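Start at 1 with the first residue, then count along the sequence. This is a predicted model, so every value here is computed, not measured.
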Amino acid sequence: MNVNPKIKKKKIDVGACVFVGTILFVPIALFIFNHFYLNLESFRLAFQNIRGEWTLNNFKVAIKDFTADGSVMWESLRNTLIFFVNELFVINILTLFLSYFLFKRIYGYKIFRIVLYLPSIIGSVAFSLVFKANVSVGGPVYEAIKKIWGSTPEFYHDSRYALWMILFYVTWTGLGGLLFQGAMARIPTEVFESATLDGITPFKELVKIVIPMIWPTITTIYILSFTNIFSATGPILLFTKGQYGTFTVAYWLWDQVYSYNAVHSSAAVGLIYTLIGCPLCLIFRKLMLKVQDAVEY
């Protein structure tokens, strides 16, 4: 077959390839390290003892931790599920409503935008320390409440309030909504104009128009949230270090590894939770995809 001599082969831009390769190297390396090496290493540790011998004793130790006197495993599981339910049904729903509020630029939306995005601007560690200092004894918020109500409990040193204060902090810092607002911005303006001419109310507009049209985004966010079913947690280390009834599964695993060097039994516990959580995530994903068909526009 004769090749037209006028058609020249396109030269490879070496500089562009090097640039793209450099940009992609870090995320690809982190993906390989976090999702392959660490998972394989955790799997190996779960079935080996400290001498490197293969055994199932780590799982026996993990099961004993649930039934041992003074064990915080049930407390950790309960608190983790509280954080998980809060993320799934409180944070996500509030974020959806607030995203619509900001998207429609309702009066006062600029103030809410600053309040909601303030935790994203300030570093998480610095913001948590500032928040704790304000609510702890001697802080301005604590002193203001004390002047109004008189006697005030030490919120982070009282098992009745410590977990709920962390839950409040996690809820506040979790209200972002960038994905929701981005999805809402893609809805054609003609849809809103037609609904306005028909006299639709803001609530019906949200329920009847916005939510169905951004359902793929909602589904993605909820599926990602559901994957945290056993890893949902708050800044326990920064606030209470697990004291006052605030242990979670994630912090318990961290504490076992860094305080007691119990890497093998901790890996076994993590594997057990993974085996329970994976089928639940797949079932939830299947249910979410059946709830509402995607709207093309």
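Legend: residues meeting side chain to side chain donor-acceptor pair (under 3.5 Å) with Ser128, ordered by chain and number and at least two apart, are absent. In terms of the side chain to side chain donor-acceptor pair (under 3.5 Å) criterion, Asn57 has no residue partners (sequence neighbours excluded).
Within 6.0 Å of CH2 on Trp149 lie no more than 12 heavy atoms contributed by other residues, nucleotides or ligands. For Ile50, the CD1 atom counts as loosely surrounded, since its 6.0 Å shell holds 12 or fewer non-hydrogen atoms of other residues, nucleotides or ligands. A 6.0 Å sphere centred on CZ of Arg285 holds no more than 12 heavy atoms belonging to other residues, nucleotides or ligands. In this structure, Phe192 places its CZ atom where more than 12 heavy-atom neighbours from other residues, nucleotides or ligands lie under 6.0 Å away. Heavy atoms of other residues, nucleotides or ligands lying less than 6.0 angstrom from OH of Tyr273 number more than 12.
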Check the pair Phe284, Leu289 against side-chain contact (heavy atoms from CB on, under 4.5 Å), reporting the backbone distance first and the verdict last. CA-CA 9 Å; Phe284 181 78; Leu289 294 175; over 6 Å; no
Run the side-chain contact (heavy atoms from CB on, under 4.5 Å) test on Ser265 and Val269 for me, step by step, so that the C-alpha distance in whole Å, both residues' side-chain angles and the decisive distance to 0.1 Å come before the verdict. CA-CA 6 Å; Ser265 59; Val269 173; 5.5 Å; no
Between Phe180 and Phe103, does a ring pair (Phe, Tyr, Trp, His ring centres under 6.0 Å) hold up when you go through it step by step? CA-CA 9 Å; Phe180 283 135; Phe103 170 71; over 10 Å; no
Step by step, would you call Ile214 with Met184 a side-chain contact (heavy atoms from CB on, under 4.5 Å)? CA-CA 7 Å; Ile214 67 168; Met184 292 176 187; 4.1 Å; yes
Before giving the answer on side-chain contact (heavy atoms from CB on, under 4.5 Å), spell out for Phe47 and Thr55 the whole-Å C-alpha distance, their side-chain angles and the decisive distance to 0.1 Å. CA-CA 5 Å; Phe47 289 95; Thr55 179; over 6 Å; no
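Side-chain contact between Val191 and Pro188: present, with at least one pair of heavy atoms (C-beta onward) separated by less than 4.5 Å. Using a 4.5 Å heavy-atom threshold, the side chains of Lys132 and Leu238 count as separate. Between Val135 and Ile145, every side-chain heavy-atom pair lies at or beyond the 4.5 Å cut-off. No side-chain heavy atom of Tyr156 sits less than 4.5 Å from a side-chain heavy atom of Val137. In this structure, Phe155 and Pro153 have side chains that are in contact, with non-hydrogen atoms separated by less than 4.5 Å.
No donor-acceptor distance shorter than 3.5 angstrom exists from the side chain of Asn86 to the backbone of Ile82, with no hydrogens or angles considered. A donor-acceptor contact shorter than 3.5 Å links the side chain of Asn49 to the backbone of Glu53. The backbone N or O of Asn58 sits nowhere less than 3.5 Å from a side-chain atom of His264 that would complete a donor-acceptor pair.
Linking ILVMFWY residues whenever their side-chain heavy atoms come closer than 4.5 Å, directly or via other members, leaves Val61 and Met73 in distinct clusters. Cluster membership for Ile63 and Trp74, using ILVMFWY side-chain heavy atoms within less than 4.5 angstrom, is not shared. Both Ile272 and Leu56 belong to a common hydrophobic cluster when Ile, Leu, Val, Met, Phe, Trp and Tyr are linked at side-chain heavy-atom distances under 4.5 angstrom. Linking Ile, Leu, Val, Met, Phe, Trp and Tyr whenever their side-chain heavy atoms come within less than 4.5 Å leaves Ile283 and Phe226 in two separate clusters. Hydrophobic cluster membership is shared by Leu175 and Phe97, with clusters built from Ile, Leu, Val, Met, Phe, Trp and Tyr side chains linked at under 4.5 angstrom.
Using a 30° and 60° split on the angle between ring planes, Phe131 and Phe239 fall in the perpendicular class, above 60°. Using cut-offs of 30° and 60° on the angle between ring planes, the pair Phe127 and Trp172 is perpendicular.
Between the CD1 atom of Ile23 and the CD1 atom of Ile28 there is a distance of 11.5 Å, given to the nearest 0.5 Å. A distance of 8.0 Å separates CZ in Phe84 from CG in Leu81, rounded to the nearest 0.5 Å. The distance from atom CZ of Phe247 to atom OG1 of Thr80, rounded to the nearest 0.5 Å, is 11.0 Å. Of the inter-residue distances, the one linking Leu179 atom CG with Leu96 atom CG reads 12.0 Å to the nearest 0.5 angstrom. For the atom pair CG of Asn79 and CD1 of Ile236, the computed distance is 7.5 Å after rounding to the nearest 0.5 Å. Taken to the nearest 0.5 Å, the CD1 atom of Ile218 stands 7.5 Å off from the OH atom of Tyr222.
Here the closest heavy-atom approach between residue Tyr142 and residue Thr152 is recorded as OH-O, 3.0 Å. Scanning all heavy atoms of the two residues, the minimum distance from Phe83 to Ile166 falls at CZ-CG2, 3.8 Å. When all heavy atoms of Ala267 and Ser42 are compared, the pair lying nearest together is CB-O, 3.4 Å. Counting all heavy atoms, side chain and backbone alike, Ala133 lies closest to Pro140 at O-CD, 4.5 Å. Pairing each heavy atom of Gly234 with each of Val170, the nearest pair is CA-CG2, 3.7 Å. The shortest non-hydrogen separation linking Ile221 to Asn92 is CG2-OD1, 3.9 Å.
Residue pairs meeting the side chain to side chain donor-acceptor pair (under 3.5 Å) criterion with at least one partner in residues 158-170, sequence neighbours excluded, are Asp158-Arg160. Each side chain to side chain donor-acceptor pair (under 3.5 Å) pair with one or both residues in residues 192-208, not counting sequence neighbours, appears once here: Tyr100-Glu205, Lys104-Glu205. Pairs of residues two or more places apart, or lying in two chains, that qualify as side chain to side chain donor-acceptor pair (under 3.5 Å) and include a residue from residues 232-255 are Thr233-Thr248, Thr240-Thr246, Asp255-Ser259. The stretch residues 39-49 participates, sequence neighbours left out, in these salt bridge (Lys or Arg N to Asp or Glu O under 4.0 Å) pairs: Glu41-Arg44.
For Phe31 and Phe36, the ring centers sit closer than 6.0 Å to each other.
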